[in-house]
Amino acid sequence: MNDEKLNQINEKLLKPYNPKETEGRIYKSWEESGYFNPDKLPERHKEPFTIIMPPPNANGSLHAGHAVFVTIEDLMIRYKRMRGYKTLWLPGADHAGFETQVVYEKKLEKEGRSRFKMERQEIYDEIMAFTLANKKHMENQLRELGASCDWSREKFTLDKDIIETVYATFKKLDKDDLLYRGKRIINWCAKHQTSLSELETNAKDQTDKLYYIKYGPITIATSRPETIFGDTAIAVNPHDKRYSQYIGEEIELGKLSEFIGKSKLKVIADEYVEKDFGTGALKVTPAHDPNDFELGKKHNLETVEVIDKYGKLNEKTGKYAGMKAEEARKVVVQDLEEASLLAKMENFSHAVKVCYKCEKTIEPMIMPQWFVRITPLAKKAIEAVASGEIKFVSKNFEKIFFHWMKNIQDWNISRQIAWGIPIPAKICDNCGEGFVDTEDVIKKCPKCGGAVYKDTDTFDTWFSSGQWPFATLGYPDGKDFKEFYPTNMMETGSDILSFWVARMIMFGLYITGKPPFKTIYLHGLVRDAEKKKMSKSKGNVISPIEMTAKYGTDALRMALIVGNTPGSDMALAEDKIKGYKHFANKLWNITRFTLSAASNFDPSARIDIAEQDKATLLELNSKIEYITKDIEEYRFYMAGEKLYHYIWHNFADIIIEESKKRLAGKDSQDKDSAIWTLLEILKKSVIVLHPFMPFITEEIWSMLPNNNGEKMLIIEKWPNK
RNA sequence: GGGCGCUUAGCUCAGUGGUAGAGCGUUUCGUUGACAUCGAAAAGGUCAGAAGUUCGAUCCUUCUAGCGCCCACCA
């Protein structure tokens, strides 16, 4: 090392560790080295190790959850890279269909605009510009967090080749009879004007009124009197003696006829009806209730739609037409009461489906939509997990996964929003049939010859992101697909197990015949110090980018690793991050001490190692062995804590303290041995700590006299022991 | 309603069939040379409750209580 460089190092070490000055420079040097790209790694890196990054939504800043996945995945990638694997961490960005559209609609609202007054293309273009700007922003934030991913392979969910893959899958599903366009009852959000999958609705407990209404001789109980105009039957339990005389008959409705617009209703019997609830009799409104819809199908009932897509009563309801459902309910009840048709009213609590975004009540509606028959795909996914082909790091997620997969229902994949991948299909104007048309060749309805128009719906975002692992790698012919698929690890939040992970498994197996990944690591939610959910409205959000600026990325990363066990939620307090900033500084001072002790020391000289030092190194090696085992077995929280403890309380508190006497002593052989040992421990500590705290370790590495010819730490070999 | 978990030091959490661990916090002491973003020391737990298996249970089994999450079509 020349004098100039030594002087630089000394000057740098005299000040406390400065992450701000260091991190950008180090990240740039990594990018320039090319080592993020598996193809540019040195010769020894042969066996692939692949993680496909869960693409963050390109609609805002990164939050603490993103920081967790970056930290854990980067840790695994850096560890495997040092172990000599040909590591690929493929980054991406998600257009996030409905999610982004909702974010953008809020922005429009603030500006006093509305998407319903805009042309389709206009809103699409605006959201595209918004998303691309955010995407760039998001990529820079990933860099700030130290993500050692291969930017040259980055993918966006709206890239042309991704869309082609998605279309090919759509076509294959159609060909295999796993796709249908069905007029089924779907979850409709009147605010967002789109249908939603089962997963995109939440159940909300609430107390409502249960109304008892006289349908001629039978009194029924209902929570939705405003839909009586759509009633096409009354249902009772077949074993209910109270009503057995009416089963199969049409009963006279008396005064109620004026409301319903018909004088009689058929009474059907079905086991679904609970004898003990309400009066044991219910009105059947197949067009506006999922259960009634099923009953209607089973008993061949007519469906009468009385609520439109804005949630208002339609022309079939006479004087109530144009009223919102909730408003109409009050008026109808009042009118029923005046007509002495309301037997009684009582409170009852039940679960209501609401939109997971706006929490408005879901309006069940009958609409033609594209559905995937998912059960056959689910079956294969269950087998892959049951056989151990795909493993969960936390076994309990396996149980949750099975439970969900065994109860899975057909999947509505069409959304009535502009932002997303357009569904490549034609719809007949005349008969309403839909036809998959990825090549855009259908000009007339193949069924009735009627005119067709292009489907205006877009795909559920999870339909496309469910194909992410093989789509990003260039299925079916891409070089990367052949080399890196199946990938090794899927690491993501446990909250999207069913949204995303399950779908990737199903599609991966269906399209490629192989599971998309071998191991699944799910992390929990990051909560605040009181274990409360972070939310902007509560003001308890910890922004990773702010933390990085304040305490350094390495400190943030350590705080996110230690105490974070796979699958359970973690608490994150700012003080914890601060604590690891202190740790970074401690390591910095250890370096200062060691290097100043070694300033006139030639590490390549032959040295007789003292027995005491041999024992110390043996202990270090054994520690590293345990830490390596922890990492291999995904106990990162444990490995991080052990490293912290070793470096601070063994290396600094004991080894360095005890070395002081020897360094001041006159036995030069013993002194050399002590210095050599300090350097050796520092070197190994920095290597093993690198996946956790990449920036400071790379920086220290560059200053070590024993750094193996100044190669970068990022590709340094992991110690064997 | 069904499923999956959790309950260990003030807080956040590890952990093991053989008389309990970490980090943070608290208290006391310590500052002339790596570091006050520091060092030394200390206090603090009948491991939710009950029963069972065992020579022995915080750990295995059952029950009870509280909490959390996921799923779900009693209107």
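Every chain is numbered from 1, with letters handed out A, B, ... down the list of sequences.
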(request) Name the nucleic acid region contacted by A:Y272, choosing base, sugar-phosphate or nothing; use a 4.0 angstrom heavy-atom cut-off, strictly under. (result) base
(message) Would you say A:S494 places a side-chain N or O within less than 4.0 Å of OP1 or OP2 belonging to B:C70?
(response) no
(request) May I have the distance from A:Q409 (atom CD) to B:A72 (atom P), rounded to whole angstrom? (result) 7 Å
(request) Take atom C1' in B:C59 and the same atom in B:G52, then report the distance between them in whole Å. (result) 15 Å
(message) Would you measure the distance from the C1' atom in B:U58 across to the matching atom in B:U46 and give it in whole Å?
(response) 11 Å
(request) Pull out every stem in RNA chain B, meaning runs of 3 or more consecutive Watson-Crick or G-U wobble pairs with both distances under 3.5 Å. (result) B:1-7 with B:65-71, B:10-13 with B:21-24, B:26-30 with B:38-42, B:48-52 with B:60-64
(request) Could you check whether A:T565 gets within reach of a base, just the sugar-phosphate, or nothing at all, counting any heavy atom under 4.0 Å? (result) sugar-phosphate
(message) Counting the atoms with a prime plus P, OP1 and OP2 as sugar-phosphate, which does A:V562 contact under 4.0 Å by heavy atoms, base, sugar-phosphate, or nothing?
(response) nothing
(request) For A:S349 and for A:H582, locate the closest nucleotide of RNA chain B by heavy-atom distance; then report the residue assigned to the nucleotide nearer the 5' terminus. (result) A:H582
(message) Counting only heavy atoms from other residues, nucleotides and ligands, does the tally under 6.0 Å from CD of A:E11 exceed 12?
(response) no
(message) Within the 4.0 Å heavy-atom criterion, would you say A:N564 contacts the bases, only the backbone, or no part of the nucleic acid?
(response) nothing
(request) Taking atom P in both B:G2 and B:U26, compute the distance separating them and give it to the nearest angstrom. (result) 47 Å
(request) Using the C1' atom on both, measure B:A48 against B:G30 and round to a whole Å. (result) 41 Å
(request) Using a heavy-atom cut-off of under 4.0 Å over every strand shown, decide if A:L572 touches base, sugar-phosphate, or nothing. (result) nothing
(message) Applying side-chain hydrogen bond (donor to acceptor under 3.5 Å, both in side chains), can you list everything that pairs with A:K360, at least two apart in sequence or on another chain?
(response) none
(request) Apply the side chain to side chain donor-acceptor pair (under 3.5 Å) test between A:Y551 and each candidate in A:E574, A:K576, A:H582; give the one that qualifies. (result) A:E574
(request) Take atom P in B:A72 and the same atom in B:G45, then report the distance between them in whole Å. (result) 46 Å
(message) Looking at A:Y17, I'd like to know whether one of its side-chain N or O atoms comes within less than 4.0 Å of OP1 or OP2 on B:A34.
(response) no
(request) Scan A:L199 against the nucleic acid and name what it touches under 4.0 Å (heavy atoms): base, sugar-phosphate only, or nothing. (result) sugar-phosphate
(request) Please tell me which of the listed nucleotides, B:G5, B:C71, B:C35, lies nearest to the side chain of A:N396? (result) B:G5
(message) Looking at A:W411, I'd like to know if the NZ or CZ of A:R503 sits under 6.0 Å from its six-membered ring centre while staying within 45 degrees of the ring's axis.
(response) yes
(message) Strictly below 4.0 Å: does A:W648 bring a side-chain N or O up to OP1 or OP2 of B:C38?
(response) no
(request) To the nearest Å, give me how far apart CD1 (A:I590) and P (B:U37) are. (result) 16 Å
(request) Using a strict cut-off of less than 4.0 Å between a Lys/Arg side-chain nitrogen and an Asp/Glu carboxylate oxygen, indicate whether A:K12 and A:E699 qualify as a salt bridge. (result) yes
(message) Rounded to whole Å, please give me the gap between NE2 in A:H288 and C1' in B:A75.
(response) 16 Å
(request) With heavy atoms under 4.0 Å as the rule, sort A:A652 into base, sugar-phosphate or nothing. (result) base
(request) Just call it for A:P290: base, sugar-phosphate, or nothing, with non-hydrogen atoms closer than 4.0 Å on any strand. (result) nothing
(request) State whether A:F402 and A:K406 meet the cation-pi test: NZ (Lys) or CZ (Arg) under 6.0 Å from the six-membered ring centroid, and within 45° of the perpendicular axis. (result) yes
(request) Measure up the A:Y644 and A:H649 rings against each other and bin them: parallel (under 30°), tilted (30 to 60°), perpendicular (over 60°). (result) perpendicular
(message) Of the options B:A75, B:C35, B:C70, whose atoms approach the side-chain atoms of A:I400 most closely?
(response) B:C70
(message) Just the rounded figure in Å: distance from P of B:G5 to CG of A:L497.
(response) 14 Å
(message) Distance check needed: B:C6 C1' versus A:R527 CZ, whole Å only.
(response) 12 Å
(message) Quick check for you: to the nearest 0.5 Å, what is the distance between A:T227 atom OG1 and A:D292 atom CG?
(response) 7.5 Å
(message) With rounding to the nearest 0.5 angstrom, report the CD to CD1 distance, A:Q369 to A:I186.
(response) 4.5 Å
(request) Report yes if a side-chain nitrogen or oxygen of A:H403 is closer than 4.0 Å to either non-bridging phosphate oxygen (OP1 or OP2) of B:G2; otherwise report no. (result) no
(message) Nearest whole Å is fine: how far is B:G33 C1' from A:F593 CZ?
(response) 10 Å
(request) Using the six-membered ring wherever Trp is involved, compare the ring planes of A:F651 and A:Y646 and label them parallel, tilted or perpendicular (cut-offs 30° and 60°). (result) parallel
(request) Take A:E198 and A:L210, find for each the nucleotide of RNA chain B with the closest heavy atom, and name the residue whose nucleotide sits nearer the 5' end. (result) A:E198
(request) Rounded off to whole Å, could you give me the NZ-to-P distance for the A:K15 and B:C35 pair? (result) 16 Å
(message) Any donor-acceptor pair, under 3.5 Å, between the side chain of A:K586 and the base of B:C35, if you only look at N and O atoms?
(response) yes
(request) Using the P atom as the reference point in each nucleotide, state the distance between B:A57 and B:G18 in Å, no decimals. (result) 11 Å
(message) Say we look at B:A42 and B:G21: how far apart would their P atoms be, to the nearest angstrom?
(response) 14 Å
(request) Would you indicate what A:A571 reaches in the nucleic acid, counting non-hydrogen atoms under 4.0 angstrom: base, sugar-phosphate, or nothing? (result) sugar-phosphate
(message) It should be established whether A:H649 places a side-chain nitrogen or oxygen under 4.0 Å from OP1 or OP2 of nucleotide B:G23.
(response) yes
(message) Tell me the interatomic distance from A:K629, atom NZ, to B:G15, atom P, rounded to whole angstroms.
(response) 13 Å
(request) Pick the P atom in B:C4 and in B:U61, then give their distance to the nearest Å. (result) 14 Å
(request) Among the candidates B:C35, B:C71, B:A75, find the nucleotide nearest to the side-chain atoms of A:N585. (result) B:C35
(request) Could you tell me the separation between the CE atom of A:M367 and the CH2 atom of A:W188, rounded to the nearest 0.5 Å? (result) 3.5 Å
(request) Could you tell me whether A:M638 contacts a base, only the sugar-phosphate backbone, or nothing, with contacts defined as non-hydrogen atoms closer than 4.0 Å? (result) sugar-phosphate
(request) Just call it for A:K660: base, sugar-phosphate, or nothing, with non-hydrogen atoms closer than 4.0 Å on any strand. (result) base
(message) Categorize A:G524 for me: base, sugar-phosphate, or nothing, with a 4.0 angstrom heavy-atom threshold over every strand shown.
(response) nothing
(request) Determine whether any donor atom in the side chain of A:E657 lies under 3.5 Å from an acceptor atom in the base of B:A34, or the reverse, and answer yes or no. (result) yes
(request) Just call it for A:S596: base, sugar-phosphate, or nothing, with non-hydrogen atoms closer than 4.0 Å on any strand. (result) nothing
(request) Please determine if a side-chain N or O atom of A:Y637 lies less than 4.0 Å away from the OP1 or OP2 oxygen of B:G15. (result) yes
(request) Counting heavy atoms from C-beta on, name the nucleotide in B:A22, B:C71, B:A75 closest to the side chain of A:H645. (result) B:A22
